[in-house]
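What follows is a set of notes on a single structure, which appears directly below.
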Amino acid sequence: MNSFRLSKILVNTITYIILTAFALVMLFPFLYMFATSLKTPNDTFTYPPRFFPREQSTIELDGYDEPLPLYFVLANGEKKEYALVQSGIPAGVYADPNDLETAFAVPLAFVKPAIGGGEVTLPDGTVQELMDVPVEGKIMQLVQVNRTALGRFVDPEDTTKEIYQVVRTSEPATRITAHPENYIHVLKMENMERSLTNTILVTIFVVVGQMVTSVMGGYAFARLRFPGRDKLFLFYLGTIMIPFVMLIIPLYQLMVLFGWTDKLASLIFPWIFTAYGTFLMRQFFITVPKDIEEAALMDGASRFEILYRIFLPAAAPALATLATFTFLYAWNSFFWPLVIINTGNYENHVLTLTLNMLRGRASDSANLILAGAAISILPPFILFILGQRFFIESAMSSGVKG
Amino acid sequence: MNQKFIASLIVVLVTFSMLLAACQPAPAAAPEEPVQPAAEEITLRWRTRPDNQAEIDVYSSVSAELDGAMEGVTLVYEPGGSETSSYQDVLKTEIGAGTAPDVFWIPGTDIADFATRGLIMDLKSMADKTDGFKTTDFYSGPMYHMTFNPTTGKTGEALWGLPRDVSTFVLYLNLDLIAEAGADDPRELAKAGKWDWDAFLDVSKKVSELGSDVYGYGANAWWGPYGVWINSAGGGFFNADRTACALDTPEAIEGLTFERKLYVEEKVAVPYGEDSEPPFLAGKVGMFQNGRWATPGTRANANFTWDVVELPMGPEGMGNWLFWGAYVVNAKTQHPEEAWKLVQMLTTAETQGKISALGTNIPSRVSQAALDSFLTFTPPDNNQAFLNGIAEASNPTAEGPLWAGSWPNYDSIMGPMISKVLNGEMTIDEYKQSICVEANKAFTQ
Amino acid sequence: MHKDAESTNITRIETFINIVTGWHFFLSFAGLILLFFIIFKQLFSNLPSWLMFIGTISIIFLVGTSFFAGIQLRKRTRVGRTISLVINYLGFIFSFIALLQVLGVFLGVDALAKTFGSGIGWLAGVLAGYLIHAAGDQFHFRIQIEELFRKIGKYIALVFFTIFLFRVGLIKALIYLGKQIIIPTNLMIAFLVILFGIAIWLMWREETGIYLHRNNAQTEALEGYLFLSPNLLGFLIFFAFPLVFSFYISLTDWDAFGNSNFIGLANYLTIFRLNLKPLASATQNFIQVMDGSIYSELLRFNLFGKYFVLGAADARFWISLRNTLVFCIVTVPLSAIPALLLSNILNSKIPGMKIFRAIYFLPSIAAVVGISLIWQWLYNATIGYINYFITLGLQFINSIFATSYPIALIRWLSESRTALLAIIIVSAWQTMGFNTVLFMAGLQNIPKELYEAATVDGAGRWAKFWKITLPLLAPTTFFVITTTTIQALQVFEQVFIMTNPPGSPGTSTLTIVLYLYQNGFQRFQQGYGAAIAWVLFIVIFAVTLLQFRSQRRTGAYDV
């Protein structure tokens with residue numbers, strides 16, 4: 001019994017480890033997106049990467065106009081925050097002629113020719129003078145093997161304590177910050193505010209339009225007998241599989257003919273008549289019992305009334321499924337807008353297009369690009385959090401029915 | 001049920017009223033409709049490709065100013081796409097669909113494609129009648145192509161537009177890295193006349209020795225950077241009359257071999273195909289090869305000491321490019337006269353000065369005053385490096401279209417193959433055997 | 001008296017029918033005249049030829065059916081009424097759409113978008129009204145309060161909605177509409193709309209219907225078409241027609257600037273122009289065996305000790321096809337197998353299952369463009385997280401096992417070997433969650449009793465998985481694999497965003513759809529692009545058919 005329980009705990013633990021690992025893989029890119037969208041441009045370029053938005057800590061010191069950046073340095077064996085007061089100080093790399101591997105970087109200004117020194121011929125054939133080099137408080141007689149540049153760091157509490165070391169490899173002291181103004185900034189770029197409005201508008205139109213035509217078509221297929229109905233339905237069914245790319249060139253030409261290129265109309269009207277939606281609604285309406293409808297017909301109700309009063313209220317789950325898919329499709333579509341809405345017409349961009357533009361225009365600012373991505377990804381996420389069950393059940397039903 | 005009713009009512013009302021509300025005058029009404037009958041004020045749309053928001057703002061203000069200066073014309077400026085969103089291709093589709101602006105900028109390489117397809121207007125007859133207009137006011141390299149007539153095959157017999165600006169490559173230096181590596185300052189070497197391939201390789205090596213994630217050299221993957229190495233070895237993309245591929249000549253091979261050394265043998269460069277700008281701005285690249293357009297980004301983001309230096313001398317000189325792009329007129333424009341006037345106004349010394357003050361480009365007019373004022377737009381301190389790049393003495397190669405073939409096709413054959421060479425996936429010998437067989441397919445048989 | 005009224009009624013109906021009959025004859029006559037002008041190139045000669053063709057056919061159709069309707073109406077038959085209604089309905093719809101088009105209503109969406117932003121806040125008021133209205137439900141016990149809530153809610157919603165309408169420019173819109181409609185051509189179209197409308201009304205009237213022996217089947221059929229018509233017409237215009245049109249385009253050298261010549265199957269011939277030649281040695285230059293000005297080397301291979309080289313006139317197409325197939329073959333299992341595993345774990349009703357399910361689902365609702373931008377930065381070779389994690393992992397392994405793997409610097413997106421893999425990972429990552437949910441739906445349909453019976457029989461976890469879960473899950477598996485495959489064969493957005501230039505490095509991530517895009521909208525060979533689309537369609541069709549076949553064979557489809 002005991003071992004059974006143990007094995008159960010073990011299995012559960014392993015299960016959770018697997019699930020959590022996958023969850024992290026799924027979530028990390030989004031977390032990265034949000035974290036990076038709050039960074040300063042500089043902060044996005046650091047390596048090793050820092051997850052949270054960070055900023056260089058600075059300190060104000062007397063005698064310096066600008067706040068000085070703080071770094072962690074090793075002073076007398078302990079790690080301390082020092083301020084960088086000067087960088088790019090010319091320095092030499094010095095080593096013992098007998099042990100060229102161990103080298104010390106010291107500012108040139110501190111080095112003097114060794115009294116009674118002389119010259120040493122190094123293995124590579126160059127001739128170097130022996131110098132007096134101060135290393136960790138001692139004077140050593142070394143030769144210069146290379147040049148470099150150092151930074152001067154001082155102890156903020158006691159500015160006489162100073163340390164020279166390479167700035168690049170020093171560990172900067174940072175503090176966590178956040179720059180939500182990136183979002184405002186990016187909304188002002190590339191007319192993104194407008195493209196957000198456009199996307200909302202296009203999505204509303206497409207979702208509502210597609211629901212209207214699908215409900216009507218689905219009802220006709222499910223409930224009304226007319227010649228050619230079954231053949232038409234088969235035709236509809238057959239076209240569900242046809243990929244959209246088949247249409248892109250002829251549809252583009254059609255839009256040119258209508259004068260709809262560059263217009264939001266081209267993003268709306270071709271997309272509100274779909275075989276898939278009609279199919280979905282038809283499948284649902286077929287399951288609605290016939291007797292209520294027949295009773296209503298007897299009472300002299302018109303078809304519209306029946307559809308409106310009986311079928312529509314019953315179809316809420318199917319409508320929700322349709323609306324969910326249509327919403328995602330309309331909100332996220334990129335290929336068609338890319339083809340039909342040209343870059344010149346800023347007024348009529350949708351979010352995905354703006355992101356594509358942003359990628360070029362702000363290619364050196366990951367923070368802005370990812371803030372833009374967040375703006376396009378957030379609305380579906382919020383809807384998802386609000387109606388999580390809906391989304392997932394829609395997806396589930398799509399599999400079972402299909 | 002009632003509740004459902006009002007919800008649906010709202011939905012229906014929304015749709016209906018949106019359709020109704022939708023009827024209000026659209027800013028750009030359908031093209032087939034006459035634009036305001038008997039209007040005195042005509043509208044000209046113009047476009048140029050900006051690289052950042054600051055440029056968009058400047059172009060907008062330029063547009064507003066010119067609008068005031070032009071009688072009876074309303075100017076509408078629209079930014080258009082960036083480099084990655086295929087600016088030229090989109091423009092072509094717009095011309096096809098009839099929604100393109102009246103005046104637009106295109107890169108120099110694309111002039112031929114637009115002209116031979118009949119998408120842009122030959123302005124020669126109008127230019128001849130214009131007082132005080134001289135093509136010699138502009139750099140001769142670009143003007144050779146701008147006045148090329150594809151039907152006669154001669155230059156000077158057409159005018160496709162006027163260059164907006166010129167640019168050239170320099171090396172953006174991370175001086176901190178170079179000093180830390182103990183390498184010589186390239187600016188000093190250039191002054192002393194010792195800035196050649198060997199010196200360049202030496203600095204690159206020293207810098208990349210600082211760490212596995214530090215690189216001596218970085219450049220982006222397009223024809224500009226590798227073209228420079230080929231040019232400076234005395235080679236070129238095409239033969240002298242630009243009618244055949246010359247990418248397999250010994251000179252071209254020499255240039256490419258040296259560049260391949262940087263990437264494959266010595267590994268001192270940011271891997272080919274990776275964007276070099278992020279690591280450069282992160283302070284991990286010693287020398288970043290780019291044009292003037294990279295200056296604003298570097299100003300804003302670099303937190304290290306930086307400057308620029310001209311490209312190193314190869315066996316046959318610096319081999320730099322003279323990049324340019326031009327304002328051209330849509331062949332379908334309703335107002336050719338006004339459009340031509342706008343092209344001229346957009347390329348006056350005054351307008352160009354305003355735009356180059358931003359730091360993104362160099363005026364396309366050959367005038368000492370323009371060059372002198374350009375030098376004052378710092379940082380970088382060493383602006384002279386740009387001017388050295390386009391100076392007559394360094395014999396820059398003007399970016400140019402392909403009148404005898406299709407530049408987009410040529411580029412799409414050349415780019416992938418050279419990227420294989422620089423990635424080490426193809427040897428120089430294999431490249432030499434096949435490049436021109438393939439690339440010559442881009443020429444009209 | 002009563003009889004009198006009836007007879008006047010009948011004369012009225014007779015008059016109405018006569019009017020419509022005349023209208024039909026007029027229509028066919030007008031159509032004939034129009035046809036005459038079109039054929040002798042007096043009208044619309046600036047339109048493209050295919051449009052003329054379609055226009056001519058529809059006018060001939062109109063002439064014929066309208067004439068037929070007129071004759072049948074003269075005979076006072078039921079069929080006459082049906083055809084008349086259909087023609088007039090179609091005429092009404094098309095002229096109405098034409099009216100909307102010339103009035104600029106469709107393009108007005110742009111103007112609406114401009115002002116929509118300023119009115120959007122007021123829509124919140126509508127929502128508030130709706131909420132108040134809905135809150136009435138809480139007071140079922142007091143009907144008056146419920147009614148009150150409903151009423152107040154309704155009015156609030158209406159008021160806010162009116163404000164919204166004014167904010168987005170209702171007045172301006174109406175003024176504009178008024179100005180537009182008085183333009184003579186527009187007025188004529190409006191008049192046509194009204195004429196068609198009147199004809200419909202005259203025919204649809206209850207009395208006319210009865211007089212013309214209307215029966216229930218006819219009414220139902222008419223109603224059926226009426227309900228289907230918005231969808232069907234839109235579907236025909238925006239889907240069926242473009243599909244056919246696409247095939248026509250693929251037979252031309254259409255170039256997006258309005259130039260097109262009929263070139264027959266030349267586009268397809270170019271695509272399929274291949275050449276296989278033996279090579280003297282493995283390294284022989286291929287120009288020595290093939291005409292380099294036509295063919296490009298596609299691949300060389302060794303067959304029974306002899307070397308062959310395959311050349312293609314359009315090598316890029318074949319490369320793109322290969323890339324797409326590789327992408328598809330790797331992506332599908334990569335997104336389906338983990339999904340199967342996860343769904344089985346999640347199905348075991350453990351606490352927190354819903355949270356995990358929601359997290360896995362998240363990527364599939366985000367825009368591919370956004371996702372691609374994120375991953376592009378994650379993949380960055382020099383400062384990206386993925387290489388950083390790999391480096392950390394290697395350091396960890398090195399420190400534990402004292403090995404010395406070098407620090408990884410994988411150039412995910414800039415090296416031919418890894419670029420396609422990078423795209424595959426992103427796509428599999430994005431579709432995995434959705435597939436997990438689909439599998440979960442499938443699992444829920446498997447009867448629990450089967451597992452219980454198996455437990456009684458002493459079957460272990462694995463046995464149950466192989467013997468029960470997998471076979472019974474086959475329909476879902478089929479659905480998952482088919483949809484993922486079809487999606488994968490159309491991969492475009494990831495490549496377009498993540499590689500620069502798209503398809504790079506070299507041609508390693510060039511996919512068919514990307515190649516189609518390049519041909520259609522960058523090189524302006526739209527005819528060639530359409531031909532590629534058809535080839536892709538055939539590939540998709542073949543793959544799906546193959547899957548159907550294997551599905552049939554396993555017999556899982558019957559479940």
Side-chain angles (χ1 to χ4, degrees), chain A residues 15 18-19 22-23 26-27 29 32-33 45 47-49 197-198 201 213 216-217 219-220 224-227 239 243 245-247 249-251 254 263-265 268 270 273 275 278 303 328 332 334-335 339 347-348 352 355-356 359 366 369-370 373 376-377 380 384 388 392 395-396 399-400 402, chain C residues 106-107 109-110 113 116-117 220-221 223-225 227-228 230-231 234-235 238-239 242-243 245-246 249 342 345 356-363 365-370 373-375 377-378 383 385 388 433-434 437-438 441-442 476 479 490 492-493 513 516 520-521 526 529-530 533 537 540:
Chain A
T15 309
I18 294 176
L19 288 179
F22 267 101
M26 292 315 216
L27 274 182
Y32 166 77
M33 171 183 78
F45 293 127
Y47 189 89
T197 321
N198 287 347
L201 193 68
T213 65
M216 287 176 68
Y219 175 68
L224 296 168
R225 275 168 308 233
F226 51 90
T239 57
V245 287
M246 294 293 300
L247 304 180
I249 287 172
L251 209 51
L254 206 63
K263 304 286 185 262
L264 290 178
I268 297 170
F273 315 100
T278 317
R303 293 279 177 191
L328 288 181
N332 292 339
F334 171 64
F335 195 9
V339 166
E347 301 277 285
N348 286 345
T352 45
L355 282 185
N356 183 35
R359 175 173 71 103
I369 291 179
L370 293 178
S376 94
I377 287 177
F384 178 66
Q388 196 230 109
I392 289 181
M396 283 181 151
V400 176
Chain C
F106 295 123
L107 302 184
V109 185
D110 299 5
F116 187 67
E220 196 172 334
E223 277 175 336
Y225 281 119
F227 273 82
L228 190 59
N231 198 308
F235 186 70
F238 293 117
F239 194 99
L243 199 63
F245 190 37
S246 155
I249 293 179
L342 287 176
I345 297 178
F356 283 115
R357 193 178 67 173
I359 290 174
Y360 298 156
F361 197 71
L362 221 44
I365 59 170
V368 180
V369 179
L373 288 174
I374 302 173
W375 280 83
W377 286 94
L378 289 177
I383 57 169
Y385 257 105
Y388 176 62
F434 195 86
V437 171
L438 288 180
T476 313
F479 181 77
Q490 297 178 63
F492 169 76
E493 297 179 9
V513 177
L516 187 159
F521 299 96
Q526 297 211 323
F537 174 65
I540 290 180

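Below, chains carry the letters A, B, ... as their sequence lines are ordered, and counting in each starts from 1.
- Taking chain C as the reference chain and counting heavy-atom pairs below 4.5 Å, the highest number among I268(A), T15(A), I18(A), V245(A) is found for V245(A).
- Checked against the 6.0 Å centroid threshold, F492(C) and F335(A) count as a close aromatic pair.
- In terms of heavy atoms, P363(C) sits closest to M26(A) at CG-SD, 4.1 Å.
- Listed for the N231(C) side chain is a donor-acceptor partner under 3.5 Å among the backbone atoms of T213(A).
- Side-chain atoms of N332(A) come within 3.5 Å of backbone atoms of I365(C) as a donor-acceptor pair (strictly under, hydrogens ignored).
- A perpendicular orientation is assigned to the rings of Y385(C) and Y32(A), their planes being inclined by more than 60° (bins at 30° and 60°).
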Practice item. Test ring-ring contact (aromatic ring centres under 6.0 Å, His included) on F227(C) and Y219(A) and set out the steps. Key: CA-CA 7 Å; F227(C) 273 82; Y219(A) 175 68; 5.3 Å; yes

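- Taking chain C as the reference chain and counting heavy-atom pairs below 4.5 Å, the highest number among I392(A), L355(A), L254(A) is found for I392(A).
- Interface summary for chain A: among S246(C), A530(C), G433(C), G529(C), the most heavy-atom pairs under 4.5 angstrom belong to S246(C).
- With sequence neighbours excluded, the residues forming a side-chain contact (heavy atoms from CB on, under 4.5 Å) with Y225(C) are F226(A), P227(A), listed by chain and number.
- Annotation: side chain of F238(C) is not in contact with side chain of L247(A) (no heavy-atom distance under 4.5 Å).
- No other option in S376(A), G217(A), A275(A), P270(A) has as many heavy-atom pairs under 4.5 Å with chain C as P270(A).
- Residue I377(A) touches chain C through its side chain alone, counting heavy-atom pairs closer than 4.5 Å.
- At least one side-chain heavy atom of P243(A) sits less than 4.5 Å from a side-chain heavy atom of I540(C).
- A 4.5 Å side-chain heavy-atom check between F521(C) and V339(A) finds at least one atom pair inside the cut-off.
- F22(A) places a side-chain heavy atom less than 4.5 Å from the side chain of Y360(C).
- Atom CZ of residue F239(C) and atom OG1 of residue T239(A) lie 4.5 Å apart, to the nearest 0.5 angstrom.
- A distance-only check finds a donor-acceptor pair linking the side chain of E220(C) to the backbone of R225(A) [under 3.5 Å].
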